[in-house]
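Since the structure comes first, as structure tokens, the remarks are kept for the end.
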Amino acid sequence: MIGKLKGTIDEIGEDYVLVDVHGVCYVAYCPARTLSKLGSAGEACVLFIETYVREDQLKLFGFMTALEREWFNLLQSVQGVGAKVALAVLSTLTPGELANAIALQDRAAVSRAPGVGPKVAMRLVTELKNRAPAFAGEAINIALKQELGEGVAAAPVADAVSALTNLGYSRDQAANAVAAAMKTAGEGADSAKLIRLGLKELGPR
């Protein structure tokens, strides 16, 4: 079983990269986002690998992070989603965006991926809402902090984070609390509700 490849890029194709590891070249099929982040031929690369072994083939799928690899496997636990569709989803959405879409039941965001129709999108957001592991929550936090840093977060979200920081909490604590509040409150919650739920998250357990 191959879990990670460290080598040199030999060739990058439309949906794969050829990695030279001490003279042995491995073909790893990757999301478009992963391929776009790799360098050029001759440069070093590291890929997290998911190995598929079938009776008639052995196939490798490569990812920039272990988080992407976990989502690749999680997506395929949904009926009607195979490796091709899972790669398409991860080519279209970052782990943070995917986690947000599932938490907010945003079928439209998921259906932007090629090959994902309305029915499959519905199954993805519905079935994964309660099955997504703990790293999904971390991905939401990362995405929210990025939005705050870029100044593109929704006004109620930014206001809630600002209010919590004014109460003495650090920006990271406030962002984490509001991210958790968003999962409970859902899309469209006002700042007052996010602040109230955020304080509950920050309070004693």
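Below, each value reflects all heavy atoms present in this structure, side chains not excepted, and no hydrogens, waters or symmetry copies.
In this structure, S111 contributes its side chain and R107 its backbone to a donor-acceptor pair below 3.5 Å. A donor-acceptor pair under 3.5 Å is formed between the side chain of S91 and the backbone N or O of A32. Listed for the T126 side chain is no donor-acceptor partner under 3.5 Å among the backbone atoms of R123. A donor-acceptor pair under 3.5 Å is formed between the side chain of R69 and the backbone N or O of I49. Distance alone, capped at 3.5 Å, places no donor-acceptor pair between the E127 side chain and the L124 backbone. Judged by distance alone, the side chain of Q173 and the main-chain N or O of Y169 form no donor-acceptor pair under 3.5 Å.
Between G13 and L35, the shortest heavy-atom distance links the atoms O-CD1, 4.0 Å. Closest of all the heavy-atom pairs between D159 and S191 is CB-CB, 4.0 Å. Contact record, L47 with A28: CD1-CB, 4.1 Å, taken as the closest heavy-atom pair. Closest approach of T92 to A113, counting heavy atoms only: OG1-CA, 3.4 Å. Listed here is the closest heavy atom pair of G198 and A181: N-CB, 4.0 Å. Nearest approach of C45 to L38, heavy atoms of both residues: CB-CD2, 4.1 Å.
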Please walk me through it: do L87 and V89 pass side chain to side chain contact (heavy atoms under 4.5 Å, CB included)?
-> CA-CA 5 Å; L87 286 178; V89 172; over 6 Å; no
Any chance you could lay out the side chain to side chain contact (heavy atoms under 4.5 Å, CB included) test for L93 and R112, step after step, and finish with the verdict?
-> CA-CA 9 Å; L93 300 171; R112 294 206 311 267; 3.3 Å; yes
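The side chain to side chain donor-acceptor pair (under 3.5 Å) analysis of residues 42-52, with sequence neighbours excluded, yields the pairs E50-N73, Y52-Q76. Applying the salt bridge (Lys or Arg N to Asp or Glu O under 4.0 Å) test to every pair with at least one member in residues 22-34, sequence neighbours left out, gives these pairs: R33-E97.
Taking 4.5 Å as the limit, every side-chain heavy atom of V85 sits out of range of all side-chain heavy atoms of L75. L164 places none of its side-chain heavy atoms less than 4.5 Å from the side chain of N166. A 4.5 Å side-chain heavy-atom check between L128 and L74 finds at least one atom pair inside the cut-off. Residues V110 and V125 form a side-chain contact, since some pair of their non-hydrogen atoms from C-beta on lies under 4.5 Å apart. Counting heavy atoms from C-beta on, the side chains of Y29 and V17 never come closer than 4.5 Å. Residues S40 and I9 have side chains not in contact (no heavy-atom distance under 4.5 Å, counting atoms from C-beta outward). At a threshold of 4.5 Å between non-hydrogen side-chain atoms, the residues I102 and L98 count as touching.
To the nearest 0.5 Å, the span separating NE2 on H22 from CG on D20 amounts to 9.0 Å.
Put simply, V81 and L67 are part of the same group of oily side chains (I, L, V, M, F, W, Y) that touch within less than 4.5 Å, one to the next. Connection of M64 to I2 is established within a shared hydrophobic cluster, with ILVMFWY side chains joined at heavy-atom distances below 4.5 Å, either directly or through further cluster members. Under the 4.5 Å side-chain heavy-atom criterion for Ile, Leu, Val, Met, Phe, Trp and Tyr, V161 and L167 are members of the same hydrophobic cluster. Residues L5 and V24 share a single hydrophobic cluster, defined by chaining ILVMFWY side chains whose heavy atoms lie under 4.5 Å apart. Put simply, Y26 and L18 are part of two different groups of oily side chains (I, L, V, M, F, W, Y) that touch within less than 4.5 Å, one to the next.
For R196, the side chain to side chain contact (heavy atoms under 4.5 Å, CB included) test picks out K193, with sequence neighbours left out.
Of the residues listed (W71, F72, F48), the one engaging F63 in a ring-ring contact (aromatic ring centres under 6.0 Å, His included) is F72, and it is the only one.
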